[in-house]
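Atoms within a ligand are numbered from 1 in the order they appear, just like the ligands themselves.
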Amino acid sequence: MSIQEREDAHTSGLYQKRPLAIVRGEGALVWDAYGNELIDCVGGQGSANLGHGNAAVADAIAAQARTLASCTELFYNDRRAELYDLLSSLLPSELDRIFLCNSGTEAIEGALKFARMATGRTGVVATMRGFHGKTMGALAATWGPEYREALGGAALFPGATHIAFNKVEALDAAITADTAAFVVELVQGEGGVRPATNEFVREAVRLCRERGALLIVDEVQTGFCRTGAFFAIERYGIVPDILCLAKSIAGGVPMGAIAFSRRVGDLPKRSHSTTFGGNPLACAAAVAAIGEMRRLDLARCARERGEQLQAGLRGIESPRVREVRGLGLLAGIELKENAGPTIKALQDLGVLALGAGPTVVRYLPPLVITAAQVELVVAATATALAT
Ligand SMILES: *Cc1c(COP(=O)(O)O)cnc(C)c1O
């Protein structure tokens with residue numbers, strides 16, 4: 001039986017899978033079960049910023065697994081202390097409290113709870129096309145009524161509203177004295193690679209302050225050098241009250257984090273927790289991964305290769321293209337048609353790309369992708385769009 005047949009026999013059926021089994025990776029390249037090489041612009045959907053097979057992360061995981069893998073936050077731990085130090089050295093000084101968890105959706109769940117507990121309010125304002133995960137609480141913020149329909153629709157999270165992204169006037173109407181938090185991505189990833197305007201972000205900061213709501217910025221996809229800075233908040237020059245992180249934080253090992261400011265205040269003891277949060281294995285992986293991101297200056301890589309990729313994509317003359325958008329190495333082409341056939345054509349040409357909404361082809365490669373590989377990605381895209 002093939003890998004695909006064995007998975008299909010037991011898979012949940014919830015994922016829309018491509019008929020391709022990936023078995024190995026190195027840098028921005030991956031190989032399928034038959035030994036075919038592909039350029040990976042899916043990048044673990046944003047969890048592989050550091051590239052596949054990083055030796056420093058692999059060594060740190062192996063060493064920590066032999067030393068101590070499990071240690072809950074009932075106790076203190078050396079690796080966790082090291083990670084707190086490292087994260088807070090990268091983050092704005094206001095964000096000096098950190099809760100460690102295990103995924104992006106879990107970071108959003110916690111952030112929504114913190115905001116409700118801190119403000120005593122229940123309202124959550126989010127944006128249309130926003131994506132914040134799919135667990136029950138995070139679904140309050142995620143756009144896509146289809147995800148909520150079978151679960152009670154609007155009743156799932158009373159007090160949640162969605163406003164048009166980048167529409168400044170909508171902020172003023174939506175953020176009120178009942179709003180616990182406004183949740184936003186600085187570049188909508190799943191929603192079609194749409195960067196927020198400076199004006200929208202600044203007005204959100206101002207209104208949240210003025211009306212006593214907390215600003216939650218979701219950097220699960222934009223974090224860890226993706227947009228050309230360690231965090232996209234640096235590119236926008238803002239400091240939120242709560243910052244959600246995950247995906248590439250630990251070099252591919254599952255981990256999430258919620259960084260928050262004193263504005264959140266003291267949270268009641270035991271009001272939130274998770275067994276695996278801050279486990280030494282994930283902390284060791286994160287310490288090594290962040291060290292490598294710094295050593296390799298991945299923020300600069302994302303700026304330079306991102307500029308190259310976006311310029312290359314803009315240079316493709318095709319009547320099928322509506323627009324090229326992006327920030328750093330989070331890039332997308334919006335087509336005038338369904339993106340599916342182009343993504344399939346790219347795969348046949350040896351480039352893995354992602355969708356982002358029905359008409360957008362999204363590129364989320366490891367930030368270690370080389371200039372020559374970016375050139376190949378652009379050439380393959382031109383070919384895919386010419387046929
Ligand atoms: C992927 C993603 C999430 C959800 O993260 P999971 O680890 O898949 O739960 C939340 N927000 C954004 C912006 C994301 O890209």
Exercise for the section: Consider every N or O of Gln221 and every N or O of ligand 1, then say whether any pair is closer than 3.5 Å. Expected result: yes

Exercise for the section: Using distance alone, determine whether Gly133 and ligand 1 share an N or O pair under 3.5 Å. Expected result: no

Practice task
Give a yes/no on ligand 1: does Ile108 have at least one heavy atom closer than 4.0 angstrom to it?
Solution key: no

Exercise for the section: Look up atom 11 (N) of ligand 1 and tell me if a protein heavy atom lies less than 4.0 Å from it? Expected result: yes

State the atoms of ligand 1, each with its element, that fall below the 4.0 Å cut-off from a heavy-atom position in [X].
| X | value |
| --- | --- |
| Glu185 | 13 (C) |
| Asp218 | 10 (C), 11 (N), 12 (C), 13 (C) |
| Ser103 | 7 (O) |

Exercise for the section: Provide, to 0.1 Å, the distance between atom 5 (O) of ligand 1 and the closest protein heavy atom, together with that atom's residue and name. Expected result: Gly104 CA, 3.2 Å

Fill in the blank from the handout: If you scan protein heavy atoms around atom 4 (C) of ligand 1, the nearest is Thr105 N, 3.7 Å

Problem - Approximate separation, where rounding is to 0.5 Å, of Leu385 CG and Leu346 CG - result: 7.5 Å

Fill in the blank from the handout: d(Asp96 CG, Ser261 OG) to nearest 0.5 Å is 8.0 Å

[Y] and [X] side chains, donor-acceptor separation under 3.5 Å:
| X | Y | answer |
| --- | --- | --- |
| Glu219 | Thr222 | yes |
| Thr127 | Gln188 | yes |
| Gln347 | Arg18 | yes |
| Asp178 | Thr122 | no |

Please work out, at 4.0 Å between heavy atoms, whether the side chain, the backbone, both, or neither of [X] comes within that distance of ligand 1.
| X | value |
| --- | --- |
| Val220 | side chain |
| Lys247 | side chain |
| His132 | backbone |

Handout entry: Residues Glu7 and Lys17 bridged, charged N to O under 4.0 Å
Key = yes

Practice task
Would you please indicate yes or no on a ring centroid separation below 6.0 angstrom for Phe260 and Phe99?
Solution key: no

